[in-house]
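Structure record follows, encoded as structure tokens.
In what follows, chains carry the letters A, B, and so on, assigned in the order in which the sequence lines appear, proteins first and then strands, with residues in each chain numbered from 1. Nothing here was measured: the structure is a model prediction, and the numbers come from that model. The basis for the numbers below is simple: all heavy atoms, side chains too, and nothing from hydrogens, waters or symmetry mates.
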Number of protein chains: 2
Amino acid sequence: MMLKKRDIPQHRRLYETLRKHIVDGVYLEGDLLPSENELCRLYGMTRPTVRQSLGNLSADGYIRKHQGKGSIVHYLPREIGILSVSGTTTAVGDRNLKTRIIVKPVLMPWPGDFMFPLNDLEKESGCIYMERLRLLDGVPIFYDITYIASINLPRITSRQFEDRSLFKILREHYQIEIKGGEQRIKAINATPKINRFLKMRRGEPVLHLERKMETSTAGLHLYSSIFCNTAKYSIYGRF
Amino acid sequence: MMLKKRDIPQHRRLYETLRKHIVDGVYLEGDLLPSENELCRLYGMTRPTVRQSLGNLSADGYIRKHQGKGSIVHYLPREIGILSVSGTTTAVGDRNLKTRIIVKPVLMPWPGDFMFPLNDLEKESGCIYMERLRLLDGVPIFYDITYIASINLPRITSRQFEDRSLFKILREHYQIEIKGGEQRIKAINATPKINRFLKMRRGEPVLHLERKMETSTAGLHLYSSIFCNTAKYSIYGRF
DNA sequence: TATTTTTACTTGTTAATACAAGTAGAATCG
DNA sequence: CGATTCTACTTGTATTAACAAGTAAAAATA
């Protein structure tokens, strides 16, 4: 049997369709999704396929399933949801979020005492370094230092990062998707350098995140050290 | 066909078995798990059932699947993994973690300006309030204020909470499981009260988490406000 | 009328089957 | 010997089938 649209699996397409309907408000929070059998009829697939879509939606927090009742829409991270899954830009929307480049992407050796252990390939390749400042409604909120292993990323140091997400560039130009990762979170006192960028007073508390992100390209990781002014906004997450 | 062990699904039992083997070190990080067909033979189930177990392990970060290669063990949160999925006790192990009750569970009305919106049933029911202090290797790390709606939890205020996790009590005595939740994270300056409990100096930064947890019982939520001394340990999480 | 039972849904579990697609090493060919 | 092709694995996708278990409202009963 042939596939309908350039080899994107059916369960994936249904997932994207339903997810889009949820974030666009076609289905509101608390709404009951069409039943599995109804979705089968609507989209012309069998129940295991539909169930895979719904299972993924459930795992990603978009719906809650209840045996005997149905699948209920459970989408809430709309308030000030930042840093939940992949990039910061996607979560808060491009509306109020501006990015200012402090240090343009530059190829350099890895720092001596790096926050995560590196594999041999990463060590050899050298690292692409950049610093960015994210402003929410004109107020600096994130000061972001990013490290990427320089593996198969031609011309990346010459690309424009203004007004676009790093994740978008990786996806569109290099077909690289963020698949997950790990992070360490702690509260620290702002250093003078952080104070300058985040416009905070001396001694004010700052949230510090150290993240390692895995991509669809095996062995390629993104690392970032993020300093966050949480005086006005909180970091929001689901688990 | 009969079920083998008190109605726990096969895919769930295989999940628990493999998960235990991974955290116990039977399979080490980087190891290749037995192939799906091999697991079918070993545990006497069919491939869709085995695949459901592996899919859940993958979603929970214990393995990574690679088409054409196999399932590779990817368990790392062993360093100081706290607050990753459900409870704090499970993640770090009961070894070094001691719990001290500051305020024993007591029934009281909800605070006036609560950190999360409450539904009508929760408002009516009143709230069970408790304060705990968690010590890691004798050093106070978490100061934890917990709120639970008083819905179908007989005798909970008279239970012993020393040396056991709240989650364990809910699971064993009330068959309530934590299924997920949301949280807000920010960095604050320690208040005198927090300083006293966490033994910190004035002006030191503290991590503040506000969490809402969903349970297997519809409408029953756990809320907690956690203050964390991250000077020595970081909060670790996967996404 | 109030309670209980039935019924018609819903999702959950499991099986048996088939083929597609990616991987890695063995076998073959130049 | 080196590069290519083949082959035997692996996981990914999808169908069809059947029954279990939970839910809620309709129907029957007291």
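In this structure, A/Thr49 does not reach the D/dT13 phosphate: none of its side-chain N or O atoms is under 4.0 Å from OP1 or OP2. Look at B/Lys69 and you won't find any side-chain N or O under 4.0 angstrom from OP1 or OP2 of D/dT11. Within the structure, every side-chain polar atom (N or O) of B/Arg47 is placed at least 4.0 Å from both OP1 and OP2 of C/dA15. Side-chain N/O atoms of B/Arg51 include none lying less than 4.0 angstrom from OP1 or OP2 on D/dT11. Taking 4.0 angstrom as the limit, B/Gln10 places a side-chain polar atom (N or O) nearer than this to OP1 or OP2 of C/dA15.
The separation between B/His11 atom NE2 and C/dT13 atom C1' is 6 Å, rounded to whole Å. Straight-line distance from the CD atom of B/Gln67 to the P atom of D/dA8: 20 Å, rounded to whole Å. Rounded to whole Å, atom P of C/dG22 lies 17 Å from atom CD1 of B/Ile72. Protein atom CG of B/Leu32 is 15 Å distant from nucleotide atom P of D/dC9, rounded to whole Å. Atom pair B/Leu57:CG and D/dT11:P shows a separation of 13 Å (rounding to whole Å applied). Summarising the geometry, the separation between OH on B/Tyr43 and C1' on C/dA15 is reported as 20 Å, rounded to the nearest angstrom. In this structure, B/Leu54 places its CG atom 14 Å from P of D/dT13, rounding to the nearest Å. In this structure, A/Leu33 atom CG and C/dT11 atom P are separated by 9 Å, rounded to whole Å.
A distance-only check finds a donor-acceptor pair linking the side chain of B/Asn119 to the backbone of B/Leu121 [under 3.5 Å].
At a cut-off of 3.5 angstrom, counting only N and O atoms as typed in the model, there is no donor on one side facing an acceptor on the other between the side-chain of A/Arg12 and the base of D/dG12.
Among pairs with a residue in residues 16-42 of chain B, those fulfilling ring-ring contact (aromatic ring centres under 6.0 Å, His included) read B/His21-B/Tyr27, at least two apart in sequence or across chains.
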* Worked check of salt bridge (Lys or Arg N to Asp or Glu O under 4.0 Å) between B/Lys65 and B/Glu36 -> CA-CA 11 Å; B/Lys65 308 179 83 183; B/Glu36 297 180 351; 3.8 Å; yes
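Among the heavy atoms of the strands lying under 4.0 Å from A/Thr46 is at least one base atom, whether or not backbone atoms are also near.
Side-chain polar atoms of A/His208 and A/Ser225 form a donor-acceptor pair below 3.5 angstrom. Side-chain atoms of A/Asn56 and A/Ser58 include no donor-acceptor pair closer than 3.5 Å.
Picking from D/dT11, C/dT13, D/dT13 the nucleotide with the shortest atom distance to the side chain of B/Gln52 gives C/dT13. Ranking D/dT13, D/dG12, C/dT10 by closeness to the B/Lys65 side chain, first place goes to D/dG12.
Aromatic ring orientation, A/Tyr223 versus A/Trp110: perpendicular (interplanar angle above 60°, classes split at 30° and 60°).
Of the charged side-chain nitrogens involved, none lies within less than 4.0 Å of a carboxylate oxygen, so that B/Glu16 and B/Lys20 do not count as a salt-bridged pair.
With a 6.0 Å cutoff to the six-membered ring centre and a 45° limit on the axis angle, A/Arg12 counts as a cation-pi contact of A/Tyr15.
If one axis is set at each end of the helix from C/dT1-D/dA30 to C/dG30-D/dC1 from five pairs, those axes are 0° apart, to 10°.
A residue-by-residue look at A/His66 and A/Pro48 shows that A/His66 has its nearest nucleotide of DNA chain C further toward the 5' end.
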